[in-house]
Amino acid sequence: MKADRQTPIVATNVSEQNEAIRSLEVGERLNSVFIEIDRSRFDHADKIKARYSSKQGLSKEVVLRISEDKHEPEWIREKRLKAYEYFLKTPLPKWGPSLEKLDLNKIIYYVRPDAQKSENWDEVPDEIKRTFERLGIPEAEKHSLGGAGGQYDSEVVYHNLKKEWEDKGVIFEDMDAAVQKHPELVRKYFMNKCIPINDHKFISLHGAVWSGGTFIYVPKGVKVTMPLQAYFRMNAKRGGQFEHTLIIADEGSELHYVEGCSAPQYTSSSLHAGCVEVFVHKRARVRYSSIENWSKNTFNLNTKRAIVEEDGVMEWVNGNMGSGLTMLYPSSILIGRGARTDMIGIAFAGPQQHQDTGSKVIHAAPETTSVIRAKSISKGGGISSYRGYVKVMPKAHGAKTSVVCDALLLDDESVSNTFPYMKIGEKDIDVVHEASVGKINDEDLFYLMSRGLSEEEATKMIVSGFVEPISKLLPLEYAVELNKLIEMEVENSVA
Amino acid sequence: MNTTVITQEDGLEKIKEHSAKIGEPSWVLDQRLSAARAMPSYGEPVFKYGIDIFLPVDEFDFSTIVPTNSLQDRFCVEKEGYTLLDFWSAFERYPGLMREHLPFPIEDKFLALHGALWNKGTLLYLKKGSNVLLPIYYDSFVEYTNQFDTLLVVAEEGASAVIVNKVAGGSPNPVFRSGVVRIVAKEGAQLTFVGLQQLSGGTVNFSNHSCQIGKDASVVFVDALIGSNYSKSDTSHHLLGEGARTHHIGIFLGDGKQRFNISSAAFHHKPFTTSEIYGKGALYGKAKSLYRGLVRIEKNAENSNGYQKEETLLLGDNTEASAIPNLEIHNNNVRCSHGASTTHVDQEKLFYLASRGIAEKDALSLLVNGFFTSIISKIGVEEISSELQQIMEEKIAHAT
């Protein structure tokens, strides 16, 4: 699809548009961003000139080139090369959905856009701005919701952090800069303890070609009260996105990090193999929220994992709307007594979509708790699967875990699967798993329609109620976007 | 698993020799040979069922499985409404029926092995419309070192009966037993099948059960696993006609180093079908269990109901329980849910009982017995429920 420069909604002059938005009421303002959201808007490629695009496929040269371009220290280059070796010898996973259509030789592993990092919005190139405008990034910025970092292709082009947090010692950097500025922290935490480079094939790939991403360090006792957020987006054709997120919450600190994704539509398959590592130290609390909305020909093979120490709390909030195939299983490893993790996820599988998501928890210490709640909606032949794993290690006495999955099937072509795995090696525990699959209750529909709602409105209302436990955990903008996206998907299905 | 002894020429020769000695029809021998030849095409058995979940057979040498020369005694019991007879007699008496149901589908290496080497076979034929009031007892006694026994139950239209299949014997030393049960419930048939496995401590037991349930037929299938060293027990229920119902009751009680590898699955192929799967187990000592469940609702099986519930009670410090209750739903006009839980004995309940003067060991036994009461009562046949209860009480009292 070609860039449509005539789209009236997008003002060519960004400051003009900002002006216009400022003058609107809050409700209208949100509307102006979200009402027009449709798939073609997201699935639109800007004509951005990449300064350097590696050729299709991966080679040692590409890996070295990335490292050289970023002026990386020796140890990172070594790590990349080692990861590349692991990538070559590790086979594709044999379980789960088929990855047959993913041609790893046709992907461009490194693209560098023609943009310098910028603290100032006016310095961001117009083309890039336009993309962000459509995604509502400047909105978020204006709402003073902490810093906003956006990743365009493989590099962070816009990054800002509120002064007050900087003063308290909070580090919010793009990953490339963190390597240069905070080498000791990065070296201590980067791809060793949490997600080693030989974890699985796509992590080895990530370890070899990762580029950009976010680095956050919250010092001891600091509570970041605003959600920090970054918007990621893939752009260059056949572009891979291999961003690395590293979050370290030191003892007693608190953080809410929000990430959202949307990618343009392309004819050949794209791959997203990101990596998120979270370290929750003693008594710290981290919430990681993400809405992933990649275009439908994207393979989203993301890896997210947290290590939670004594009395720490890790909360994962996940929404998976887009991509053709998603395989995403956020994990928490509870290594300290009293550690806790809450995971809540929603997956929406529309036509030709396969959402294979779930949660993984390892209880490695006594009195640890995990609560998993997964919801999925399938329609138009979409397949959604919950694939989860809960392990209670011997001696993790007093551990408690609860897994609840609910699936909604909107038509009879769609498929819903539940594959929970539970391994319990300690007797003094409580483990519960429950799942149910069903359709929208006819009586509920009838009731709402008897109150004067159309079938479509009634269906939308019921579905919104179904996803409510997730949307209420998100910041306002994201909640609105999530609801809007789901409503639009439902609209199409109730013809 | 070394199977060359069977697939090599002298292995096939032995099968031929044995078959000739029994005087089997040639089509039976052909089926044995093709099963033996198919064996290499099935991969080595892996006892891995997902990340980090595996339950291999320890301390057993599969290469000791060789064709045997044992001969089953011929028998034929004819009672009102049914006939119970060995396969070789059945080949003469019901050749059409036997050809219709043999060979059983081969899904893995162990079923191929069974197809080649089966050395015991029993047919229970329930006549059309027969209503057998007393339970039919058929014991599968394990007497050979490598025993492969098969039980085929064919219930004609409208037949009803209660069948009790006790599997006992075996040896404290390692022996292999493979048991295959096929139940065919035709239109409107009503069957209760109780499989009660009480094998001796050294037995490695692989059983495979499958129920074909026709229109408006209903089956209650009880799979109670008490004995053996390693028990792999797979049960699949195929709901093949509208209004078909199945009710699966899985029970396991293990201590010492017992291993239970259990799978129960319901496949809804037609509309208005119902499946209920219940599983309960308790583990003492170093026992381990793996419970896999599956409810699969096919695309055109609208208005079906699937329910699955599994509970494991852990009583030993070194026990391990894994559960994988899967759902695969391909139709939206259905109700389907499942639950699995793993728990321990509530200290408060123990304390309460102790405060009433009951010794801790007795209190624990009471609670474990109570845990199983609800599932045992689901069997619905009083004398069998109480018999099973007794067997379990006995084991619970001595469990270590």
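Excluded from the calculations below are hydrogen atoms, water molecules and symmetry mates; all remaining heavy atoms, backbone and side chain alike, are included. Keep in mind the model is a prediction, meaning the values are calculated, not measured. Here is how names work: the chains are called A, B, and so on, in the same order as the sequence lines, proteins then strands, and each is numbered from 1.
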Does any heavy atom of chain A fall under 4.5 Å from the side chain of L290(B), the backbone, both, or neither of them?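 Looking at L290(B), nothing touches chain A.
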In terms of heavy-atom pairs under 4.5 Å with chain A, which of H338(B), E328(B), Q347(B) leads?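 That would be H338(B).
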Mind ranking T343(B), I297(B), L283(B) by heavy-atom pairs under 4.5 Å with chain A and telling me who comes out on top? T343(B)
Is [X] in contact with chain B via its backbone, its side chain, both, or neither, using a 4.5 Å heavy-atom distance?
{"X": "E426(A)", "answer": "backbone"}
{"X": "P394(A)", "answer": "neither"}
{"X": "K391(A)", "answer": "side chain"}

For the [atom1] atom of [X] and the [atom2] atom of [Y], what is their distance to the nearest 0.5 Å?
{"X": "F419(A)", "Y": "R292(B)", "atom1": "CZ", "atom2": "CZ", "result": "14.0 Å"}
{"X": "I324(B)", "Y": "K423(A)", "atom1": "CD1", "atom2": "NZ", "result": "10.5 Å"}
{"X": "L327(B)", "Y": "S385(A)", "atom1": "CG", "atom2": "OG", "result": "11.0 Å"}

Does a sphere of radius 6.0 Å around [atom1] in [X] hold more than 12 heavy atoms from other residues, nucleotides or ligands, not counting ones at 6.0 Å or beyond?
{"X": "K257(B)", "atom1": "NZ", "result": "no"}
{"X": "K439(A)", "atom1": "NZ", "result": "yes"}
{"X": "Y447(A)", "atom1": "OH", "result": "no"}
{"X": "K48(B)", "atom1": "NZ", "result": "yes"}
{"X": "K270(B)", "atom1": "NZ", "result": "no"}

Closest approach of [X] to [Y] (non-hydrogen atoms, all atoms of both residues):
{"X": "N417(A)", "Y": "I329(B)", "result": "OD1-N, 3.8 Å"}
{"X": "P420(A)", "Y": "P325(B)", "result": "CD-O, 2.9 Å"}
{"X": "D428(A)", "Y": "H344(B)", "result": "OD1-NE2, 3.2 Å"}
{"X": "Y49(B)", "Y": "Y421(A)", "result": "O-CE2, 2.8 Å"}
{"X": "E320(B)", "Y": "G425(A)", "result": "CG-CA, 4.0 Å"}

Among [options], which residue has the highest count of heavy-atom pairs closer than 4.5 Å to chain B?
{"options": "D430(A), I424(A), V432(A), I440(A)", "result": "I424(A)"}
{"options": "K360(A), R387(A), M422(A), H397(A)", "result": "M422(A)"}
{"options": "H433(A), E413(A), E434(A)", "result": "H433(A)"}

Heavy-atom donor-acceptor pair, H330(B) side chain to V415(A) backbone, under 3.5 Å: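 Not at all, since once roles are kept as given, no pair shorter than 3.5 Å links the two residues.
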Expected output: side-chain K299(B) to main-chain D412(A) donor-acceptor under 3.5 Å: yes
Taking only Lys NZ, Arg NE, NH1 and NH2, and the carboxylate oxygens of Asp or Glu, determine whether K427(A) and D317(B) approach each other closer than 4.0 Å.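 Salt bridge between K427(A) and D317(B), a charged N being under 4.0 Å from a carboxylate O: yes.
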Test item: Y389(A) and I53(B) side chains (from C-beta on) under 4.5 Å apart, heavy atoms: yes
Close side-chain approach of L410(A) and N332(B), heavy atoms under 4.5 Å: no
